[in-house]
Amino acid sequence: MDIQLSALALSAVLLLIPILIFSELKIPLIRTLLISFVRMAVQLAIIGLVLQFIFQQVNLWLTLAWMTVMITAAVWTVLNRLKFQRNILLPVLVFSLLSTTLLIMPWIVIVVIKPSPVYSPTFLIPIYGMVLGNSMNSCALALERFESNLSDNWKAYYTRIIMGANQQEAVLPAFRKALQTSLMPQLLTVASIGVVSLPGMMTGQILGGASPLVAIKYQMMIMISIFTGVSITDYTAIRMYIRKRFNQYYLPQNKEK
Amino acid sequence: MELLKIDLESLSFDGKELLREVHLTLKKGDKVLIKGATGSGKTSLMHTINLMNPNYIGTITFHGRDIRQYAPDELRSRIMEVMQEPWLDNTNCLEALQEPWTYAIHTKKHPASFGTETWKQKVNNYLEAFGLDETYLNKPVSQLSGGEKQRLALIRVLQFEPEVLLLDEISSALDQNTSSIISSCILNNFSGTVIAISHDPHWQNSWKKTWQIENKKVHLSEV
């Protein structure tokens, strides 16, 4: 069932409530609230038109081009968020997000869903959005944890290498902790799904008229893809980061003053 | 043939030249103390030998082969270092000794050594020589004093009987008595080559061979 534009506008009436709360408590956020919601409406409107166009065309190159836009935006977002070793992060992020894309997406569309044609943007783009968005967030967290584990404990690192540890052995504790920290919340989400919240994709499908029994199957596949994608991204990102972070004598390089 | 041969035109740290024209050699079993003022380049010189400071112009050979041609883990498993303040994980002492056994380079060279009778005997000998005993192995590291930690860190390295041992001011936080025990134990019980830095007068008197750093030069003296 579609929503009429006039009806949609009426949903905005609800925003009067937070605005009243803000003005009663004199919280100086009313301007920000208005700007945020206008931005949201404009952004979604544009994205809606673009996706509508891409979905109608069903063109392989157009779909790939849009996926490139998505991954570029993801890399850019993480680059802006992380405040350390920025000169080595670009290749790290491109490599890790790309390897996730190339491993997960073909499996999902060629082996699991098998839409026709196989590159149907209706399937590829929303699923890719979920995998990419989660990978992007988790990878930022994993790299941040890894770097801070290292720099909080250089003495441990140096002690290992002066006793004969190789590069991999010397960073292993930091590597392990970083992956644990970044993957743990993912696993908690997986375990709690359905009970508390219905995930976005499933909500969308059910509202769009799909049967809940179909929607949960997609949801299961999505959860598996997201978790695997996140694991691949975090792992390859840290691997690549190690190669750029240390020189051939296992000594840290690119020290930021 | 010399075990270690150092021929440096220049050596720097953090972009600052510390030493020039350094020509030194060491034979198997030599024990040498590096002396010099703070900031004169003692640690930097020591750290060129295990590739922890690769900022030098010149050549250092170990068994006649340029150290830069060794894999760093291979080199550092044969030239092992103990730092001024040792790093030990929050485990018990036995597990602390086990840490370097998780490195492939050691398990490759001494297969199945950790925990064997020969290994226990060796570790007990060192514990005894350092004035500790077997009961320490079950103690948590957090309960050790500074001096006990330093000795444990030494045994963690000595259990591999490295060809060269580098000691970077390991006595600086220790009381006079412990410091002397460690010095004489290294001179008498360890047959390998040792390069040490120490400000302790006891070490300075009992180590016969010294490298004295003065005005960017290293002077060799043997009593």
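Numbered from 1 within each chain, the chains take letters A, B, ... in sequence-line order.
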So for atom CZ, which belongs to A:Arg39, do other residues, nucleotides or ligands contribute more than 12 heavy atoms lying within a distance under 6.0 Å? no
What part of B:Ala104 gets within 4.5 angstrom of chain A, counting heavy atoms only: side chain, backbone, both, or neither? both
So which part of B:Leu166 gets closer than 4.5 Å to some heavy atom of chain A, the side chain, the backbone, both or neither? neither
In this structure, CG of B:Asp73 is separated from CD of A:Glu169 (nearest 0.5 Å) by 7.0 Å
Say you draw a straight line from CE of A:Met163 to CH2 of B:Trp87; how long is it, rounded to the nearest 0.5 Å? 7.0 Å
Interface moiety of B:Pro86 toward chain A, non-hydrogen atoms closer than 4.5 Å: backbone
Around A:Trp107, counting heavy atoms of other residues, nucleotides and ligands shown, do more than 12 lie under 6.0 Å from its CH2? no
Rounded distance (nearest 0.5 Å) linking atom CD1 of A:Ile162 with atom CE of B:Met52: 6.5 Å
Select, from B:Ala153, B:Pro100, B:Pro72, B:Pro162, the one with the greatest count of heavy-atom pairs under 4.5 Å involving chain A. B:Pro72
Any side-chain heavy atom of A:Lys155 within less than 4.5 Å of one from B:Glu85? yes
In terms of heavy-atom contacts, does NZ of B:Lys5 have more than 12 from other residues, nucleotides or ligands at under 6.0 Å? no
For B:Arg20, does the CZ atom have more than 12 heavy-atom neighbours from other residues, nucleotides or ligands under 6.0 Å away? no
Hey, does the side chain of B:His106 reach the backbone of A:Ala165 with a donor-acceptor pair shorter than 3.5 angstrom? no
So for A:Gln248, is it side chain, backbone, both, or neither that comes closer than 4.5 Å to the heavy atoms of chain B? backbone
Looking only at heavy atoms, the pair that brings A:Gly164 and B:Tyr103 closest together is C-CD1, 3.9 Å
Taking every non-hydrogen atom, the tightest pair across B:Pro54 and A:Leu251: CD-CD1, 3.6 Å
Working to the nearest 0.5 Å, report the span between OH of A:Tyr158 and NE2 of B:His47. 9.5 Å
With a cut-off of 6.0 Å (strictly less than), are more than 12 heavy atoms of other residues, nucleotides or ligands near NZ of B:Lys28? no
Check this for me: B:Asp66, atom CG, are more than 12 non-hydrogen atoms of other residues, nucleotides or ligands nearer than 6.0 Å? yes
If you count the non-hydrogen atoms of other residues, nucleotides and ligands that lie under 6.0 Å from CZ in B:Phe13, is the total more than 12? no
Checking B:Leu51, B:Leu75, B:Asn53 against A:Tyr249 for side chain to side chain contact (heavy atoms under 4.5 Å, CB included), the one that qualifies is B:Leu51
Run the salt bridge (charged side-chain N to carboxylate O under 4.0 Å, His left out) test against A:Arg160 and tell me which residues pass, sequence neighbours left out. B:Glu99
Answer yes or no: are there more than 12 heavy-atom neighbours, outside A:Arg243 itself, under 6.0 Å from its atom CZ? no
